[in-house]
Amino acid sequence: MKRFLVCIVAVLCWATLQAAPYSVSGTVRDTEGQLLKGVKVTDGYSIVRSDEQGAYTLDIHPDAKFVYITIPSGYEVPERNGAPLFYRELDDSPQIVDFELSATGKDETRHNFFVWADVQVYNESELDYVSQAAADAAAYATESGLPSFGVSCGDIGGEWSSGLMARVHQTCAKAGFPFFALMGNHDLRTDAATNEAAKAFYQKTFGPSWYSFDKGRIHYVVLDDVFFFVRHYLGYYTEHQLNWLKADLEDLPQGSTVVIFQHIPTYSPAARRGDWKSEEYNKIVVNRQALYEILKPYNAHICSAHEHYAENSEISDNLFEHVHAPLSGLFWNSLLSCDGIPWGYYIYQADGDSLSWCYKAVGRSTDEQF
């Protein structure tokens, strides 16, 4: 009996040690060796800032998979699989993680960002279209003369099992500027048993599924609003993610411009009509009010995708949602989307803390919209 109790105690002690919290420390510096103060470092749960010596120490949440930074305005990082490498994977033990950033040397007060929705490539032949779009966007960015970045707003690949997701995003990045990735429902591993496991393949390819970065005077946030269950999904923000977002925004001055990128829209045509019962849980974010409440102090824009048509909603005086037409047209079967918009992407121009935008069909003038 004593031997049995000793074994039980040993197992419990082992389990406790396995789950024990630990810390990660390191520095944030530029490629010239200059230590950078005030850079946000996070594990996706809590946030700290680098100190006067560019150093940080972060207590790691038991469920955290990465430690990563908010890329500050005026800096860039290397790329991996065509996306910015602003993160490091954790190994469940104390470790030193240093981050090195490259100064752009450019005034980013005015800049462009390009939003691509539902690239959704199913086979290799469709990569040729993505290459055409990348060349088109590169030409526009060069002509504008402004610093630029892109965001692929979810559904990067047609199916995770095709193995094309990384190649699709690498092709997007041929546009010649940083191209951020985010999670869509077609990027889920659909043979998984849980929401967390369904996202493991995406995270192995592109890193955290929620994060933020700064450019000019605007704060940008990528959210994961796709929640997987029993071979299906709904639009939903987890509590951990909402708490992280509150912490991420808490030091922004009231009235600051915040841009949210996510896959599933928060709002819908049915909501605009007041026909709430007609909303489908896999087409809207069911706990959207939690996000709206967090965004109340700011001038906020939500950039979403998923619906394969263009839709704009002025949700409140401070909140505007842009639902973007797909780059893939009608799932690459036609180069027109279901509402008649030619395949293409959106171009936003930031001027200080204000935004303007237009739609750009690939190979066509911005005057051609439909």
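Keep in mind that the numbers below use all heavy atoms, side chains included, and drop hydrogens, waters and symmetry copies.
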Any donor-acceptor N or O pair under 3.5 Å, side chains Thr171, Ser131: no
Distance-only side-chain donor-acceptor flag, Ser25 / Thr57, under 3.5 Å: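 Yes.
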OH/Tyr237: more than 12 non-hydrogen atoms of other groups inside 6.0 Å: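 Atom OH in Tyr237 is packed in, count exceeds 12.
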Neighbour count >12 (heavy atoms, 6.0 Å) for atom CG, Asp317: no
Can we say [X] and [Y] salt-bridge, meaning some charged N sits less than 4.0 Å from an Asp/Glu carboxylate O?
X	Y	value
Arg29	Glu100	no
Lys65	Glu89	no
Arg217	Glu108	no
Arg88	Asp98	no
Asp248	Lys246	no
Lys360	Asp136	yes
Glu314	Arg272	no

Taking the six-membered ring for Trp, are [X] and [Y] ring centroids under 6.0 Å apart?
X	Y	answer
His324	Tyr345	no
Phe228	Tyr233	no
Phe177	Phe149	no
Tyr236	Phe227	yes
Trp116	Tyr346	no
Tyr202	Trp160	no

Side chain of [X], backbone of [Y]: donor and acceptor closer than 3.5 Å?
X	Y	result
Ser334	Leu336	yes
Thr257	Asp353	yes
Ser337	Tyr309	no
Asn318	Leu295	yes
Asp51	Gly54	yes
Asn112	Ala350	no
Glu143	Ala139	no
Ser162	Gly158	no
Gln95	Leu90	no
Asn81	Ala83	no

Atom [atom1] in [X], atom [atom2] in [Y]: separation rounded to 0.5 Å?
X	Y	atom1	atom2	answer
Ile260	Leu182	CD1	CG	11.5 Å
Glu311	Glu321	CD	CD	9.5 Å
Tyr87	Phe206	OH	CZ	8.5 Å
His240	Leu245	NE2	CG	15.0 Å
Cys172	Leu327	SG	CG	7.5 Å
Leu36	Asp30	CG	CG	5.0 Å

If you compare all heavy atoms of [X] against all heavy atoms of [Y], which two are closest, and at what distance to 0.1 Å?
X	Y	result
Leu355	Ile218	CD2-CD1, 3.7 Å
Ile264	Gly235	CD1-CA, 3.7 Å
Pro84	Pro178	CG-CB, 4.2 Å
Gly82	Gln170	N-CG, 3.8 Å
Val168	Val121	CG2-CB, 3.5 Å

Test applied, side chain to side chain contact (heavy atoms under 4.5 Å, CB included); reference residue, Ile302; option that passes from Tyr292, Tyr267, Phe320: Tyr292
Single hit among Asp59, Leu58, Ile60, Val41 for side chain to side chain contact (heavy atoms under 4.5 Å, CB included) with Ser46: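 The residue from Asp59, Leu58, Ile60, Val41 that satisfies side chain to side chain contact (heavy atoms under 4.5 Å, CB included) with Ser46 turns out to be Leu58.
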Validation row: Ile71, Asp214 side chains within 4.5 angstrom (heavy atoms): no
Beyond-backbone contact of Gln120 with Phe331, side-chain heavy atoms, under 4.5 angstrom: yes
In terms of ring plane angle, is the pair [X] and [Y] parallel, tilted or perpendicular, where the classes change at 30° and 60°?
X	Y	result
Phe86	Tyr211	tilted
Trp210	Trp244	tilted
Tyr56	Phe99	tilted
Phe113	Tyr220	perpendicular
Trp357	His322	perpendicular

Treat each ILVMFWY residue as a node, draw an edge where side-chain heavy atoms are under 4.5 Å apart, and state whether [X] and [Y] are in one component.
X	Y	value
Leu223	Tyr348	yes
Tyr68	Val48	yes
Tyr75	Leu146	no

With His306, the side-chain hydrogen bond (donor to acceptor under 3.5 Å, both in side chains) member among Gln262, Lys283, His186, His263: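 So the option named by the test is His263.
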Salt bridge (charged side-chain N to carboxylate O under 4.0 Å, His left out) evaluation trace for Asp187 with Lys199: CA-CA 8 Å; Asp187 305 317; Lys199 296 174 180 180; over 6 Å; no
Working for side chain to side chain contact (heavy atoms under 4.5 Å, CB included), residues Leu188 and Val226: CA-CA 9 Å; Leu188 294 168; Val226 183; 3.7 Å; yes
Test log, rule side chain to side chain contact (heavy atoms under 4.5 Å, CB included), inputs Asp251 and Lys40: CA-CA 11 Å; Asp251 59 355; Lys40 291 180 188 175; 3.9 Å; yes
CA sep, side-chain torsions, deciding dist, call: His301, Asn299, side chain to side chain contact (heavy atoms under 4.5 Å, CB included): CA-CA 7 Å; His301 293 259; Asn299 173 34; 4.3 Å; yes
Pair His219-Ser256, side chain to side chain contact (heavy atoms under 4.5 Å, CB included): steps then yes or no: CA-CA 8 Å; His219 186 62; Ser256 297; over 6 Å; no
